[in-house]
Number of protein chains: 2
Amino acid sequence: MPTKRLPTLEDVAARAGVSRATASRVVNADPRVGSSAREAVHASIRDLGYRPNRAARSLVRPDVASIAVVVPEAEERVFSDPFFSAILGAIYTKLADSPVQVLLAVAPPGRRDKIERYLRGGYTDGAIVVSHHRDDGISDVLREIQLPAVYIGRPHAGDVGLPYVDVDNVTGGMLATQRLIDGGRRRIGTVAGPQDMVSGADRLAGWRRAMGQAGLADDLVEYGDFTAASGGVALQQLLEREPNLDGVFAASDLMAVSVIQELQGRGIDVPGDVAVVGFDDSQVAELTRPPLTTVLSTTTGLARTAVEMLLTLLEGQQVEHVILPTELVPRDSA
Amino acid sequence: MPTKRLPTLEDVAARAGVSRATASRVVNADPRVGSSAREAVHASIRDLGYRPNRAARSLVRPDVASIAVVVPEAEERVFSDPFFSAILGAIYTKLADSPVQVLLAVAPPGRRDKIERYLRGGYTDGAIVVSHHRDDGISDVLREIQLPAVYIGRPHAGDVGLPYVDVDNVTGGMLATQRLIDGGRRRIGTVAGPQDMVSGADRLAGWRRAMGQAGLADDLVEYGDFTAASGGVALQQLLEREPNLDGVFAASDLMAVSVIQELQGRGIDVPGDVAVVGFDDSQVAELTRPPLTTVLSTTTGLARTAVEMLLTLLEGQQVEHVILPTELVPRDSA
DNA sequence: CTTATCTGTGAGAGCGCTCTCACGACGTGA
DNA sequence: TCACGTCGTGAGAGCGCTCTCACAGATAAG
């Protein structure tokens, strides 16, 4: 880092032949400044390449709120998984016209110290926690430093009373499974999400419930981690266990995509031989051949609601949790 | 915003019965503090929910560098376009283990005042500018406030001497077009990118050059804006002008994807009737049916190089521009 | 012409923190 | 016993800024 001292307001003022106070007024567009003084200061700012020192300013006049979006997942993942991209996009869009700053705190599960340091660093006034895992310790830190926070995705049992938004994952899982059942499928497997995430557990629970109500066996379960790579692997195992498989519910679109690819790679027709349903209704769902039948989980709605809740929280008011509805989006894969 | 005063170090010290200096030492893990004092301060911090005031701290000890990633595109776009996602992901990944903070300054083209305010706000020590348009004014602002910056994508003619990284878009465009020519295609059209962006202009130039060298007419040009939506529209126009079209070079994968969909929707076989080549080698290229032949433009390499260059710049050294090579990725669409 | 009202400006306090410096309480070696 | 560290601690300056307050000069009202 260069040690060159940056020009201060004092320098600007001296060069313009006015006091620091007047220079400050010009910078802050205070109308009560004579035009000659104003111009001198402006010229001085330009010549010196002056930029106000944010730290000094916010020390006096606490500046605009900034909120952290906390994502305990690997960086690559956060930006390549359409779920996170959609969440981030919606958060930024929602706050586009507000002065609120958005800071991204991303760190892989193993590096939770990084997020903790960040949170404790005093950078932010509030947090939105996305994709939170059991025992990632984030809620403990947040509680300890008393930072207002909203969770996207229902927190785990231990963290009761925390404000969150979520989609109705159980119903969503049922909807997806029912679609397969209604289509006449009987040997239906599921590629479930990670069970240390509530969304993973709930979607699986939905599948179980629908299967149970239809009097079908709920033994065909394999686990992935919501990424594309994990879907294909899980399908292979499903197929080994049950060659007569005729339907698959994948707990994320990305996993569903690779399930379809794996199936097609083996010469198995989708949906002729095996029907596939995904979850999320992300952009990729329209790009597959055949287009993917999936469950709309309004990612955008999650993000928008979370932002609204956090802003309410920052105003000092209490908020309840919110559950958004899910909806089946029928396409051709099931 | 709640007006409740946050606990200061003074409060912590008072409660622990020590001086502010000692409390500060504890917070900063200074070893020369007695264990009893240390414990008292820690307890006090916990009780009060104390978080250091970042502004006050950095006023004294200028804190870690923070760099802005400037993207003059609509928020939705930035997070849904795989090109930007990949760039952002690579930047965050590259800086994952450094203390450097990354701030995202995104604003649609019409709102350049927002980015300008941001840049002038003194939040950052450097900038990486992605997707820069002619006349977006960003380089003027950067020059004026003397902020070190690196461009991803070659800046326009007016901005000579600025450090940048880019891929060899002209050669890339030629590679893509040559693939079509080598495949026996003769009526080859292109869905070009926006011509106020260098990457759009250069890829088109590459197409022109390859067509010219092969003695083919370079009249079939329609323009998109790199997004999926624009690709289908452009294709329709191409098809109206030339029903015997047998090859298309789309200047982005996203446009190529919707070109393929539009083609297939009309019962035209890809690549049987019309061959299609994209650009970027983004994730979607593998998901289409048939998989998309495209040009690898090492988005990750762009981002990583830009970060390295900016860090060098921040150390006070000069940097040259860097051009990364492109490579054809043959798949089934051409 | 005096008194009240603006208008533009400067002096100076103070935001919460870090860090230098000084100091008292202990050893420790002569 | 005295000079000399060493260690833990506190007092206080100062980072760059904003903002209150006071005040000089111009203008309006009595």
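All figures in this text were calculated on a predicted structure; none of them were measured in a lab. Quick note on labels: first sequence line is chain A, next is B, and so on, each numbered from 1.
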### Task
Using the side chain to side chain contact (heavy atoms under 4.5 Å, CB included) rule, take A/D97 and B/R111 through it: C-alpha gap first, then chi angles, then the decisive distance, then the call.
CA-CA 10 Å; A/D97 289 314; B/R111 296 295 314 281; 2.7 Å; yes

### Task
With a 4.0 Å heavy-atom cut-off, tell me which residues in residues 32-49 of chain B come close to DNA chain D, sorted by residue number.
B/R32, B/V33, B/G34, B/A37

### Query
Any donor and acceptor pair, going by atom type alone, linking the side chain of B/N28 with main-chain N or O of B/D30 inside 3.5 Å?
no

### Message
With heavy-atom distances below 4.5 Å as the criterion, would you say the side chains of A/V129 and A/L142 are in contact?
### Response
yes

### Query
If you find the nucleotide of DNA chain D closest to A/R25 and the one closest to A/T8, which residue's nucleotide is nearer the 5' end?
A/T8

### Message
Both B/P31 and A/L9 contact DNA chain D. Which one's nearest nucleotide lies toward the 5' end?
### Response
B/P31

## Note on the structure
The first and last nucleotides of DNA chain C lying within contact of chain B, meaning any atom under 4.0 Å from one of its heavy atoms, run from C/dG16 to C/dT20

### Query
So what does B/V18 touch, heavy atoms closer than 4.0 Å: a base, only the sugar-phosphate, or nothing?
sugar-phosphate

### Task
Take the angle between the ring planes of A/H321 and A/Y164 and call it parallel below 30°, perpendicular above 60°, tilted in between.
parallel

### Query
Yes or no on salt bridge (Lys or Arg N to Asp or Glu O under 4.0 Å) for A/D113 and A/R117, after CA distance, side-chain angles and deciding distance?
CA-CA 6 Å; A/D113 59 303; A/R117 194 148 23 91; 3.8 Å; yes

### Query
Does B/S19 place a side-chain N or O at less than 4.0 Å from the phosphate oxygens OP1/OP2 of D/dT9?
no

### Task
Decide yes or no for A/E75 and B/K94: does some side-chain heavy atom of the first lie under 4.5 Å from some side-chain heavy atom of the second?
no

### Enclosure of A/R38 CZ (heavy-atom neighbours >12, cutoff 6.0 Å)
yes

#### Entry: A/L314 side chain near A/I67 side chain, heavy-atom distance below 4.5 Å
yes

